[in-house]
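Here's the structure, in structure tokens; my notes come after.
Keep in mind that this is a model prediction, so the values were computed, not measured.
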2 protein chains.
Amino acid sequence: MVRDEVVRSATRLFKERGIRGVSLQDIADEVGLTKGALYHYFSNRDDLLRQVFGDWITQEFESLRAHTSGSGGPTAQLRDYVRYHVTSVTQNIDLYHLSFSSEAELPPDVRAEFRQLKRRSDSVLKAILRAGVAAGDFEPRDEKVMAFAIDGMCNWLSQWYAADGPKSPAQIADDFVELLLRGLVRQDDGPTDSGPAHGAVATAEYHARAIRFHSERLEQLLPTLGGPGGTGA
Amino acid sequence: MVRDEVVRSATRLFKERGIRGVSLQDIADEVGLTKGALYHYFSNRDDLLRQVFGDWITQEFESLRAHTSGSGGPTAQLRDYVRYHVTSVTQNIDLYHLSFSSEAELPPDVRAEFRQLKRRSDSVLKAILRAGVAAGDFEPRDEKVMAFAIDGMCNWLSQWYAADGPKSPAQIADDFVELLLRGLVRQDDGPTDSGPAHGAVATAEYHARAIRFHSERLEQLLPTLGGPGGTGA
DNA sequence: CCATGCTTTGACCCAGCGGTCAAAAAATCA
DNA sequence: TGATTTTTTGACCGCTGGGTCAAAGCATGG
């Protein structure tokens, strides 16, 4: 489909140069058409932008609803939320990056839709946090600030994630969750039910990772310990 | 000084409409000059951008160096880092927001400088994390991912922080730190001796102890993993 | 008073923008 | 095949962009 080809090329160019940095001529050149021909598929520039973002945002709404079913305890829900968020950002990194960076340049209706998506996602997260506090699983903290912190952590992925990096999105998500849970899950009192919640496998993996980490550090230290005039520490 | 007046007006307009959304004519109108007159103060558009961002970035480099003196333990250092970062973003929110959102529209050299600032800030944070782990204050985690998470949390402020909001930057920073530390500070009954500061021997001893601790935990988990599948998740 | 230098003007250039349109070219169907 | 519809062209319009420049204004001080 030519139309889809146009949308795809436009998306790529927008991401590379910013929305205002791409002319219709650029897009036409990329696809191998003439500027005039584009107007057979789009009534104007804003319409093109709408087609670039419209489908994606609708799909994100759907995905958000699907992945935050609300099953499981607050801990599991938070984990699911972060996993969903991280996956979403990494898989549609171009569009996320674009929406954050060029939000001011979006057509008003698209912009409004995008803001609504952000708002809904934010309220889902806040509901999870609230439920967690109510259930006694999370420390009571400032809901708003925590939600922004978590969303920021996830959204920032759009600025640094590289598909060819050493870590998969799932691994990154789990790292995030681990950081967050150790900060949110109450650990001081009560029966330590963090075991079942966390899962024995995850806990074992954590310990294995810790062993590897410390072993490597220890190895690095060996020459230092042996040599007399070494460059200490 | 007319020049400064121009820079100030340009900054304000850029923030409101994005870099590419502001023409030299707009700036001239704002200051009350003619487009031609601007060229008496700037050799071209990129030069103007350079003057808008140049001073600020230099100042940020200075600020970063000043606020990360490295005194205190890892916990204190992390707290200082987050406080500095949050303060910096909230106080220069226009320029931060602009740099993140319109990074693609900056002149190449300015862009390079900005990226360098980000990189340096990132490496400072990673050093703190590494030192914290080495000292036994922090759990061993993926340095890169944690650094991105923390920086993301802070940088995301540029997207939502409002000066007239209910929380001061300092309060927000402390909320962040609390979230982070409860995730990073070791709270379980692992190797508890965090005393010895920097000696290589002490560090090696700590790592050895940590390995033994985690190995034992891992062993304890083995029956659980092999047993009747109850908590599989 | 004029001479000197800094500052500002406003007309101008050209390139590129989004957008239009009649006509040509391809594809489709009968 | 011819008739019809979809797709594409390329010339064109009005407009705004960054950038140039000779000349005018405006201080200053000898």
Side-chain angles (χ1 to χ4, degrees), chain A residues 1-55 95 98-99 101-112, chain B residues 1-55 98-99 101-113:
Chain A
M1 205 77 165
V2 179
R3 204 202 70 115
D4 297 342
E5 169 76 17
V6 175
V7 169
R8 243 178 295 122
S9 295
T11 307
R12 240 203 41 239
L13 289 178
F14 284 150
K15 177 213 161 193
E16 283 170 11
R17 307 182 210 166
I19 291 181
R20 278 222 168 79
V22 178
S23 70
L24 293 181
Q25 189 61 60
D26 292 335
I27 298 170
D29 289 348
E30 188 77 8
V31 189
L33 284 178
T34 318
K35 194 176 59 171
L38 294 183
Y39 282 82
H40 187 255
Y41 299 99
F42 314 100
S43 59
N44 54 42
R45 200 173 197 271
D46 275 6
D47 186 43
L48 168 58
L49 283 173
R50 226 166 276 131
Q51 299 213 28
V52 166
F53 289 91
D55 297 346
L95 285 160
L98 207 47
S99 302
S101 71
S102 305
E103 200 187 317
E105 298 162 20
L106 293 174
D109 50 345
V110 175
R111 186 177 179 177
Chain B
M1 207 79 165
V2 179
R3 204 201 69 115
D4 297 342
E5 169 76 18
V6 175
V7 169
R8 242 177 295 124
S9 295
T11 306
R12 239 203 41 239
L13 289 178
F14 285 149
K15 165 210 155 198
E16 282 170 12
R17 308 183 210 163
I19 291 182
R20 278 221 164 77
V22 178
S23 70
L24 291 182
Q25 189 62 60
D26 293 334
I27 298 170
D29 289 349
E30 187 78 8
V31 189
L33 283 179
T34 317
K35 195 176 58 169
L38 294 182
Y39 282 82
H40 187 254
Y41 300 98
F42 313 100
S43 58
N44 54 45
R45 199 174 198 270
D46 276 6
D47 187 42
L48 169 58
L49 283 173
R50 226 166 276 131
Q51 301 213 28
V52 167
F53 287 90
D55 296 347
L98 208 46
S99 302
S101 72
S102 305
E103 199 187 319
E105 299 162 19
L106 293 174
D109 50 345
V110 175
R111 187 177 180 178
E113 233 181 330

Does [X] place a side-chain N or O at less than 4.0 Å from the phosphate oxygens OP1/OP2 of [N]?
| X | N | result |
| --- | --- | --- |
| A:Thr34 | D:dT8 | no |
| B:Tyr41 | C:dT8 | yes |
| A:Ser23 | C:dC17 | yes |
| B:His40 | C:dT8 | no |

Check your understanding: Any side-chain heavy atom of B:Leu33 within less than 4.5 Å of one from B:Ile27?
Key -> no
Review point. Considering only heavy atoms from C-beta outward, does the side chain of B:Leu49 approach that of B:Phe14 to under 4.5 Å?
Key: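 B:Leu49 vs B:Phe14: side chains touch.
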To the nearest Å, how far apart are [X] [atom1] and [N] [atom2]?
| X | N | atom1 | atom2 | value |
| --- | --- | --- | --- | --- |
| B:Ile19 | D:dG17 | CD1 | C1' | 16 Å |
| A:Arg17 | C:dC17 | CZ | P | 10 Å |
| A:Gln25 | D:dT9 | CD | P | 11 Å |
| A:Glu5 | D:dT7 | CD | P | 15 Å |
| B:Arg20 | D:dG18 | CZ | C1' | 13 Å |
| B:Asp26 | D:dG17 | CG | P | 6 Å |
| B:Phe42 | D:dT20 | CZ | P | 15 Å |
| B:Leu33 | C:dC6 | CG | C1' | 14 Å |

**Study point:** Atom pair CD1/CZ of A:Ile19 and B:Arg20 - distance to nearest 0.5 Å
**Key:** 11.5 Å
Check your understanding: Measuring from A:Thr11:OG1 to A:Leu48:CG, what's the distance to the nearest 0.5 Å?
Key ->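 Reported value, rounded in 0.5 Å steps: 8.0 Å.
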Exercise for review: Take A:Asp46 and B:Leu38, find for each the nucleotide of DNA chain C with the closest heavy atom, and name the residue whose nucleotide sits nearer the 5' end.
Suggested key: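 Of the two residues, B:Leu38 wins.
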Check your understanding: Any sub-3.5 Å donor-acceptor pair from B:Asp47's side-chain atoms to B:Asn44's backbone N or O?
Key ->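 Absent.
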**Study point:** Donor-acceptor pair present, A:Lys35 side chain and D:dG10 base, under 3.5 Å
**Key:** no
Practice item. Could you please name the option among D:dT9, D:dG18, C:dG18 that lies closest to any side-chain atom of A:Tyr39? Key: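 Between D:dT9, D:dG18, C:dG18, the one nearest the side chain of A:Tyr39 would be C:dG18.
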